[in-house]
S.K.: 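I'd like to ask you about the structure that follows.
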Protein chains: 2
Amino acid sequence: MSTINDVSRLAGVSKATVSRVLSGSRGVKEASRLAVLKAVDELNYRPNVIAQSLLSQSTGCIGVICAQDNVNQTTGYLYALEKHLSQHQKHLLLRFANTKTEVMNALDELSCGLCDDILIIGARFPLQIEQENVILVDCMESDNVNSIQFDHAFAAETACTFLASQGRRQIALIQPQGSGFADQILLGYKHALEKNFLPFNRNLVFMEATSSSVALQELLHNASTLNFNALLVADEQEAQRVIPQLQAFNKSVPGDIMVFSLAGSLHLPGIPTIPAIEYSMDAMAARIVSWLTEKTQMLGSYVLRGDLIIPDMRR
Amino acid sequence: MSTINDVSRLAGVSKATVSRVLSGSRGVKEASRLAVLKAVDELNYRPNVIAQSLLSQSTGCIGVICAQDNVNQTTGYLYALEKHLSQHQKHLLLRFANTKTEVMNALDELSCGLCDDILIIGARFPLQIEQENVILVDCMESDNVNSIQFDHAFAAETACTFLASQGRRQIALIQPQGSGFADQILLGYKHALEKNFLPFNRNLVFMEATSSSVALQELLHNASTLNFNALLVADEQEAQRVIPQLQAFNKSVPGDIMVFSLAGSLHLPGIPTIPAIEYSMDAMAARIVSWLTEKTQMLGSYVLRGDLIIPDMRR
DNA sequence: CTGTTAGCGCCTTCAC
DNA sequence: GTGAAGGCGCTAACAG
């Protein structure tokens with residue numbers, strides 16, 4: 001790889017002039033400008049970004065630590081983030097981490113000057129981060145740190161109101177253990193019931209269920225008396241797990257029971273889409289990038305609301 | 001962020017001694033060693049990797065350009081790669097690129113000293129790369145470059161032999177346009193037929209099909225005379241697209257027709273697994289990392305063979 | 001054992 | 001307009 005010295009020698013000017021031409025080109029004699037450009041082209045010279053980084057104290061690298069348990073869900077985040085980052089000449093440095101220890105290790109390894117800022121995505125364990133340049137995205141809440149939270153209460157409320165509008169007035173709710181945000185979701189759920197004049201039935205609600213399967217079985221055991229016709233689950237993965245189970249018990253979906261995912265649905269050919277709340281990865285990425293690039297004001301704790309997605313129900 | 005100067009000052013030694021303690025610690029008086037360590041701890045000093053990179057001319061960053069059209073498939077690659085890379089103190093720099101132009105742009109932006117080496121994954125368009133430090137993974141073939149290819153002929157052969165062993169002797173084959181590797185797959189298909197004494201019927205084979213749907217309809221139109229009972233498709237995505245279509249035509253899967261994917265199957269809860277050839281992402285990542293770290297011998301053109309995955313067929 | 005010196009490649013004053 | 005010098009943070013070679 002050729003350096004600025006090679007170029008300056010070949011062009012017969014000083015390093016400073018080369019640098020000037022390549023950055024602003026302001027106040028350089030046309031003759032030397034051309035000479036530099038020619039040399040650059042001949043040597044196929046590219047300024048070394050590492051040397052630039054050393055000087056500017058910033059690399060343009062953004063560390064992204066994916067702590068999601070559902071690896072499939074990371075794709076959406078990564079794709080949107082990368083698209084937005086690369087548009088701003090920023091690079092995405094990827095790490096996966098499944099435990100708090102792994103996250104902290106990754107954080108450590110990325111905080112040695114390599115990354116300007118770091119994102120932690122989808123952690124379902126508490127994290128105390130002091131660093132100003134770390135953003136928590138869809139993580140368990142924690143204070144005095146920049147974060148982007150999804151509005152789970154709002155999601156649950158939207159879901160229930162939608163279901164009620166569809167004539168589904170017995171809405172069951174299953175939250176698997178450690179999915180986080182259980183209280184927020186319950187809050188939204190209760191709000192919606194109230195507003196729609198629906199009674200709250202605690203037998204329809206399973207927070208912190210050990211497994212959605214067990215919770216579902218309990219629900220079905222009491223089906224004669226309970227007779228629920230809608231089921232709110234945490235995310236797409238839960239939904240895809242629950243649907244075949246319902247079918248196994250001879251319940252049609254969505255005929256008898258409408259399954260609703262509170263976080264995303266699968267968009268794969270051949271797999272039935274279900275109604276869901278989906279968070280716009282694009283909006284999220286845009287918000288993050290604008291903070292990264294401007295940084296004038298604190299991000300603070302930004303709350304993102306999801307969109308109601310209804311599959312084409314004609315069939 | 002504190003620098004080596006701060007540490008040396010606080011510890012009352014020179015920069016060189018600090019550096020010695022932090023790297024090898026060989027031949028340093030215990031007293032000064034402790035002084036340095038204490039200062040390091042107090043200042044929470046971490047050597048700046050960018051400065052180290054400038055000196056060593058290597059950053060430990062590996063660029064990964066995902067050119068896959070099926071974004072869901074990238075997750076497998078990324079997860080395996082990141083795991084292996086981080087174990088060797090290497091960082092994964094992620095880019096997505098959907099066209100040749102985008103790939104070349106990405107390549108350009110990553111080749112300015114930021115990345116030691118670059119991987120391009122899943123490109124289905126021809127790519128002429130000269131650089132020695134670029135590896136093509138599962139890309140359309142091209143010569144004089146390091147690459148890891150999947151053995152598609154072997155996959156097709158395995159698939160047919162397996163299907164034949166299951167009593168499926170009328171094996172249809174659909175390859176969508178631009179999926180690449182059509183000739184290799186056809187080769188393996190024909191080999192297997194020969195070895196299993198099965199006739200080759202050109203009406204069962206659709207290479208370069210505009211859409212798998214159309215090909216499938218043609219197949220079904222002639223179902224009375226053709227009567228195929230197995231269907232080879234390019235990948236999991238194709239499979240999931242094709243299965244509901246078959247069902248819509250009243251063909252049970254796998255009862256009437258066994259669908260076989262030549263590249264991976266979906267492992268999601270609630271979604272039926274189908275027989276498939278799967279390539280071990282772990283093996284691939286291991287191979288790549290060993291080349292990256294050792295680099296003693298050329299990688300050349302390495303061919304990876306896939307594993308036959310059979311779903312639990314009890315139900 | 002340890003300090004001094006000289007760069008890695010680049011950009012930015014500051015003189016000329 | 002342009003060149004020389006200094007320094008970003010670090011390590012390696014060379015003296016002591």
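Naming: A, B, ... by sequence-line order, numbering from 1 per chain.
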S.K.: Near DNA chain D, which residues from residues 27-43 of chain A have a heavy atom under 4.0 Å away?
M.R.: A/Gly27, A/Val28, A/Lys29, A/Ser32
S.K.: Run the side chain to side chain contact (heavy atoms under 4.5 Å, CB included) test on A/Asp138 and A/Ile148 for me, step by step, so that the C-alpha distance in whole Å, both residues' side-chain angles and the decisive distance to 0.1 Å come before the verdict.
M.R.: CA-CA 6 Å; A/Asp138 186 24; A/Ile148 293 188; over 6 Å; no
S.K.: Where does the chain B footprint on DNA chain C start and end, counting 5' to 3' with a 4.0 Å heavy-atom cut-off?
M.R.: C/dC1 to C/dG9
S.K.: Would you say B/Val303 and B/Phe154 make side-chain contact, with heavy atoms under 4.5 Å?
M.R.: no
S.K.: Is B/Lys83 salt-bridged to B/Asp282, going by a charged N under 4.0 Å from an acidic O?
M.R.: no
S.K.: Using the test side-chain hydrogen bond (donor to acceptor under 3.5 Å, both in side chains), find all partners of B/Ser301 that sit at least two apart in sequence or belong to another chain.
M.R.: B/Ser147
S.K.: For chain A and DNA chain D, what are the first and last nucleotides along the strand, 5' to 3', with at least one atom under 4.0 angstrom from a heavy atom of the protein chain?
M.R.: D/dG1 to D/dG9
S.K.: Determine the minimum heavy-atom distance between A/Ser2 and A/Leu43, stating which atoms define it.
M.R.: OG-O, 3.3 Å
S.K.: Determine which pairs satisfy salt bridge (Lys or Arg N to Asp or Glu O under 4.0 Å) with at least one residue from residues 6-20 of chain B, sequence neighbours left out, and list them in order.
M.R.: B/Asp6-B/Arg9
S.K.: Return the CG to SG distance between A/Asn48 and B/Cys112, rounded to the nearest 0.5 Å.
M.R.: 8.5 Å
S.K.: Tell me the bend of the helix from C/dC1-D/dG16 to C/dC16-D/dG1 as the angle between end helix axes, each from five pairs, rounded to the nearest 10 degrees.
M.R.: 50°
S.K.: Below 4.0 angstrom, which residues in residues 13-20 of chain A have at least one non-hydrogen atom near DNA chain D?
M.R.: A/Val13, A/Ser14, A/Ala16, A/Thr17, A/Arg20
S.K.: Tell me which pairs pass side chain to side chain donor-acceptor pair (under 3.5 Å) where either residue lies in residues 55-68 of chain A, with sequence neighbours left out.
M.R.: A/Thr59-A/Asp116
S.K.: Write out all pairs satisfying ring-ring contact (aromatic ring centres under 6.0 Å, His included) with one or both partners inside residues 94-141 of chain A, taking only residues at least two apart or from two chains.
M.R.: A/Phe96-B/Tyr79
S.K.: Roughly how far, to the nearest 0.5 Å, is the CG atom of B/Asp117 from the CG atom of B/Leu110?
M.R.: 11.5 Å
S.K.: Under the salt bridge (charged side-chain N to carboxylate O under 4.0 Å, His left out) rule, collect the residues that match up with A/Asp41, sequence neighbours excluded.
M.R.: none
S.K.: Mind checking ring-ring contact (aromatic ring centres under 6.0 Å, His included) for A/Tyr45 and listing every partner two or more places apart, or none if nothing turns up?
M.R.: none
S.K.: Looking only at non-hydrogen atoms, find the nearest pair between B/Cys115 and B/Ile62 and report the distance.
M.R.: SG-C, 4.2 Å
S.K.: Check residues 87-95 of chain A and write down every donor-acceptor pair under 3.5 Å in which the side-chain atom is one partner and the other belongs to a residue at least two apart or another chain.
M.R.:
unit_1: A/Arg95; atom_1: NE; unit_2: B/Glu82; atom_2: OE2; d: 3.1
unit_1: A/Arg95; atom_1: NH1; unit_2: A/Glu109; atom_2: OE1; d: 2.8

S.K.: As an exercise, state the distance from CG of A/Leu81 to CE of A/Met284, rounded to the nearest 0.5 Å.
M.R.: 4.5 Å
